[in-house]
Amino acid sequence: MGTGNQTWVREFVLLGLSSDWDTEVSLFVLFLITYMVTVLGNFLIILLIRLDSRLHTPMYFFLINLSLVDVSYATSIIPQMLAHLLAAHKAIPFVSCAAQLFFSLGLGGIEFVLLAVMAYDRYVAVCDPLRYSVIMHGGLCTRLAITSWVSGSMNSLMQTVITFQLPMCTNKYIDHISCELLAVVRLACVDTSSNEIAITVSSIVLLMTPFCLVLLSYIQIISTILKIQSTEGRKKAFHTCASHLTVVVLCYGMAIFTYIEPRSSPSVLQEKLISLFYAVLTPMLNPMIYSVRNKEVKGAWQKLLGQLTGITSKLAT
């Protein structure tokens, strides 16, 4: 198809979750509350780690990065969704749609690689504890974090450029809550087989490769834990990984289900629910998981609350 015969859209219309006003208002209130909890929870985790010297370890350095990714990912989708829930015309400009796809896809990729990095950190902590501080030195941690951010961003840039070079013709209605990759690709008025192959390949590289690394790390971790003689020792070793393992299960599960085989992907409603899960629930739950299931973080919270109580008492007197 020649370029001269193509009609390029200037904006897209996101159909969202519902067209019923009462439902949209209820969803607005719900998502606004969850977004505020997400931002507050993740920034409190970051602040806590920065304030408590006991948490200045590689694990919590990566947790800071994870919290930044979670807040950024939620921010790339939820504010736009909130605005559309109260708007009659749910349009998003072409450039804004491309930017939203780039940031959401990139941050999702960064999180998957970061979780693999955190799995390696837990592997060293459990399987080679005596050399942990030597192996996981500051320089390596910084390089691993940078690798996570760069790899996710580069993949997203490639996918965004390829996707928005497709001629959309007069198709401008995206049946989704955001400019999601598969939803935008479906608007193209040309054969998208090559795009679907590219999505599958990038999913294997940026999703399955980190997942396999996580899997291998935990096979080694479980093998090492089972060799520990004392019950208390096994319990302590398991607790060092419990929070990370919970987050891994949450993050990897549905992403693999959605992106590995785009042709046999779930229904539109399922895709919307999966996107909501990643944009709304996961970023909100991650800091809770690390707070509830982690003794060091709970101890740091108690110490900080004790200090704040002491300051409040002094000011009151």
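- Of the possible donor and acceptor atoms, one in the side chain of N42 sits under 3.5 Å from a partner among the backbone N and O of T38.
- When all heavy atoms of S148 and I110 are compared, the closest pair comes out as O-CG1, 3.4 Å.
- Formation of a donor-acceptor pair under 3.5 Å by the R234 side chain with backbone atoms of I225 is not found in this model.
- Here the side chain of T282 pairs a donor or acceptor atom with the backbone of F277 at under 3.5 angstrom.
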Return all side-chain donor-acceptor pairs below 3.5 angstrom for residues 43-53, not counting sequence neighbours, or 'none' if the list is empty.
{"unit_1": "D52", "atom_1": "OD1", "unit_2": "R54", "atom_2": "N", "d": "2.9"}
{"unit_1": "D52", "atom_1": "OD1", "unit_2": "R54", "atom_2": "NE", "d": "3.1"}
{"unit_1": "D52", "atom_1": "OD2", "unit_2": "R54", "atom_2": "NH2", "d": "3.0"}

- Item | Trace of the side chain to side chain contact (heavy atoms under 4.5 Å, CB included) decision for I64 with F61 | CA-CA 5 Å; I64 286 177; F61 168 73; 5.7 Å; no
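- Across all non-hydrogen atoms, the minimal contact from R122 to C241 is CB-SG, 4.1 Å.
- T163 has its side chain out of reach of T160: every pair of non-hydrogen atoms, C-beta onward, lies at least 4.5 Å apart.
- Residue pairs meeting the ring-ring contact (aromatic ring centres under 6.0 Å, His included) criterion with at least one partner in residues 110-155, sequence neighbours excluded, are F112-Y252.
- How far CG of L187 is from NE2 of H176: 11.5 Å, rounded to the nearest 0.5 Å.
- With contacts defined as side-chain heavy-atom distances shorter than 4.5 Å, the pair Y73/D70 does not qualify.
- Checked by atom type and distance alone, the side chain of S156 never pairs as donor or acceptor with a backbone atom of S153 at under 3.5 Å.
- No side-chain heavy atom of N155 sits less than 4.5 Å from a side-chain heavy atom of V205.
- A donor-acceptor pair under 3.5 Å links the side-chain atoms of T75 to the main chain of V71, judged by distance alone.
- L216 and V214 sit in two unconnected hydrophobic clusters of ILVMFWY residues. Membership requires side-chain heavy atoms under 4.5 Å apart, directly or through other members.
- Counting only distance, with no hydrogens or angles, the side chain of D121 and the backbone of V117 share no donor-acceptor pair below 3.5 Å.
- A parallel orientation is assigned to the rings of H244 and Y218, their planes being inclined by less than 30° (bins at 30° and 60°).
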Can I get a per-line list of side-chain donor-acceptor pairs under 3.5 Å for residues 79-104, giving both atom names and the distance, sequence neighbours left out?
{"unit_1": "Q80", "atom_1": "NE2", "unit_2": "H84", "atom_2": "NE2", "d": "2.6"}
{"unit_1": "H84", "atom_1": "NE2", "unit_2": "A91", "atom_2": "O", "d": "3.1"}
{"unit_1": "H89", "atom_1": "NE2", "unit_2": "E11", "atom_2": "OE2", "d": "3.3"}
{"unit_1": "K90", "atom_1": "NZ", "unit_2": "E24", "atom_2": "OE2", "d": "2.9"}
{"unit_1": "K90", "atom_1": "NZ", "unit_2": "H84", "atom_2": "O", "d": "2.5"}
{"unit_1": "K90", "atom_1": "NZ", "unit_2": "A87", "atom_2": "O", "d": "2.9"}
{"unit_1": "Q100", "atom_1": "OE1", "unit_2": "C179", "atom_2": "N", "d": "2.8"}
{"unit_1": "Q100", "atom_1": "NE2", "unit_2": "S76", "atom_2": "O", "d": "3.1"}
{"unit_1": "S104", "atom_1": "OG", "unit_2": "Q100", "atom_2": "O", "d": "2.7"}
{"unit_1": "S104", "atom_1": "OG", "unit_2": "L101", "atom_2": "O", "d": "3.4"}

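- Taking both residues in full, the closest heavy atoms of I221 and A119 are given as CD1-O, 4.3 Å, listed atom of the first, atom of the second, then distance.
- Between I174 and L15 the shortest side-chain heavy-atom distance does not fall below 4.5 Å.
- V280 and L32 fall within the same hydrophobic cluster, defined by Ile, Leu, Val, Met, Phe, Trp and Tyr side-chain heavy atoms under 4.5 Å apart, directly or through other members.
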- Query: Given V37 and L40, is the side chain to side chain contact (heavy atoms under 4.5 Å, CB included) satisfied, shown in steps?
  - Reply: CA-CA 5 Å; V37 171; L40 181 62; 5.9 Å; no
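- Proximity of a side-chain donor or acceptor of K272 to a complementary backbone N or O of G16 within less than 3.5 Å is detected.
- Heavy atoms of other residues, nucleotides or ligands lying less than 6.0 angstrom from CE of M154 number 12 at most.
- Side-chain atoms of L250 and I289, non-hydrogen and from C-beta on, do get closer than 4.5 Å to each other.
- Between R186 and D175 there is no salt bridge, since no side-chain N of the basic residue sits under 4.0 Å from a carboxylate O of the acidic one.
- Counting all heavy atoms, side chain and backbone alike, M284 lies closest to M288 at O-CG, 3.6 Å.
- Nearest heavy atoms, T224 versus V126: CG2-O, 3.7 Å.
- The closest donor-acceptor contact from the side chain of S243 to the backbone of Y290 lies at 3.5 Å or more, if one exists at all.
- In terms of heavy atoms, C141 sits closest to F62 at O-CE2, 3.6 Å.
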